[in-house]
Amino acid sequence: MMGLLSSKENPTPIVRLNKVVPFKHTRVYAKLEWYNPFGAVKDRVANNLILDAEERGLLSSGKKLVEATSGNTGIGLALVGNLKGYSLRTPLSDQIPVEKRTVLRFFGAEVIELDDALCPLPGAPEGAIARARETAQTEDEFEILDQYINEANPGAHYRTTGPEIWRQTQGHITHFVAGLGTCGTITGTGRFLKEQNRAVKVLGVAPEDGHDIPGVRSKRQLGQTELYHPEEYDAEVDVSDEEAYDLCLRLNREESIVAGPSSGMNLAGAFKLVPDEPGNVVVVIFCDNIFKYASSVLRHFPELRPPGKSDESDSGAPSRNEQFLANLVENLKNPHDSIRVKDLNVQLESSARPVLLDIRSEEHFAESHIPGSINIPQDDLSDRSAELPDDRDAAIVTVCNIGKFSKYATLFLKSKGYRNVRSAKGGLDEWVRKGFQTTNAVVAANDSQ
Ligand SMILES: Cc1ncc(COP(=O)(O)O)c(C=O)c1O
């Protein structure tokens, strides 16, 4: 397997960009990571995560892997796993392009699609991370390699990507630019390059909040990865969807480089961060190619839709409603996630009283809530997580109006490491129906979501 993956003899190519580069002096090179055997920078990581787990004795043939991914790590794990006899279950966001979800299934992976609202921000697979970690905790046959915390992720880049770039530029590289996803690429490659020459600038590029660039994370979303080490990078910059997709289109049309959206983003970031000076040699990571992103491209360039087709209905994918219902059913299958209001009422009377977290809006909370609840609206959970208990074993029950959004909050909290979180089944409506006390029972009884 290692022989297939990038190595000293067989690196992914770097090519000089000409037509789209706004510089007179600075030379810009793209490292074309889709030349890895399964088409993405993540092949390096998938291979190294598995090798590392084997070395640590965590894997034996027949073992099942569970991993949250934005698609590319999943593809790598599925295919390396097929060779070695490990099957893959991957919970992922349904924001991930249908092309990636489909090929994952084609490769034999079990794909669990989690609905949009599981990710408070589009593209952020918090719910998926929580689900993968929970599966590994509760189902013995599953092993999680956890690319968000595993040093074998940056380790893959320290061992391969960094040395390849150093050799390919004959040590002349002055700036290294990578997008921020798990941050394995920037951290591992950056460490290696700085060890060769402290003057090499390591630059990170992030999308804006609410972005539509699969594989990368906005600054706010980066809290989910422990491999983000801003103190090791020289600068970071944000790039908008429009800037990323426009440059992606230009790369394809003007340079005939079949780069995907995150490559456009990384290059746009390089143009913002690197000065135009003689001697500057920039290497930008181009994570994967455009062929997996037809559905994303159609969203950003609607004029490319076939005549007469106004939406993505020709993709063969289930409608959003169908998908939503399927996801809901999937989410409800886990009985340990929720608590009946009857049992909650008993627990609230006992010494093992859980923390009650009401995730509805401040207005709804002010109208009526279960006495003793704290209120952090769902959209603020990420920003206000400092208000949650420090103890990751603290019992927490999440509450909303009907017990739907509180399930998403539960998954979010699990992704933050809370082990004992459940949502109140049926929510405040059910609590009121059963005749339990609220701060204002009359309003609550009429209140519905
Ligand atoms: C397309 C794409 N771009 C960027 C990245 C980010 O790389 P990293 O996770 O090493 O930060 C990924 C990671 O999955 C990716 O798939």
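Not measured: the values here are computed from a predicted model. Order of listing sets the numbers, starting from 1, for every ligand and every atom in it.
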**Report entry** Qualifying salt bridge (Lys or Arg N to Asp or Glu O under 4.0 Å) pairs, either residue in residues 268-277, two or more places apart
**Finding:** Glu243-Lys272
Query raised in the report: Does Lys84 pair with Glu54 as a salt bridge, N-O distance under 4.0 Å?
Result: yes
With a 3.5 Å cut-off and sequence neighbours excluded, list the donor-acceptor pairs that the side chains of residues 178-186 form with protein atoms.
| from | atom 1 | to | atom 2 | distance (Å) |
| --- | --- | --- | --- | --- |
| Thr182 | OG1 | Lys42 | NZ | 3.3 |
| Thr182 | OG1 | Asn153 | ND2 | 2.9 |
| Thr182 | OG1 | Gly184 | N | 3.1 |
| Thr185 | OG1 | His157 | NE2 | 3.4 |

**Report entry** With Ser262 via side-chain contact (heavy atoms from CB on, under 4.5 Å) - residues at least two apart
**Finding:** Ile213, Val216, Cys287, Asp288
Query - For ligand 1, the residues whose heavy atoms come within less than 4.0 Å (ordered by chain, then number) - result: Lys42, Ser70, Asn72, Gly179, Leu180, Gly181, Thr182, Cys183, Gly184, Thr185, Pro214, Gly215, Val216, Ser262, Cys287, Asp288, Tyr293
**Report entry** Lys/Arg N to Asp/Glu carboxylate O, Glu164 vs Lys31, below 4.0 Å
**Finding:** yes
Query raised in the report: Salt bridge or not for Glu113 and Arg105, using N-O below 4.0 Å?
Result: yes
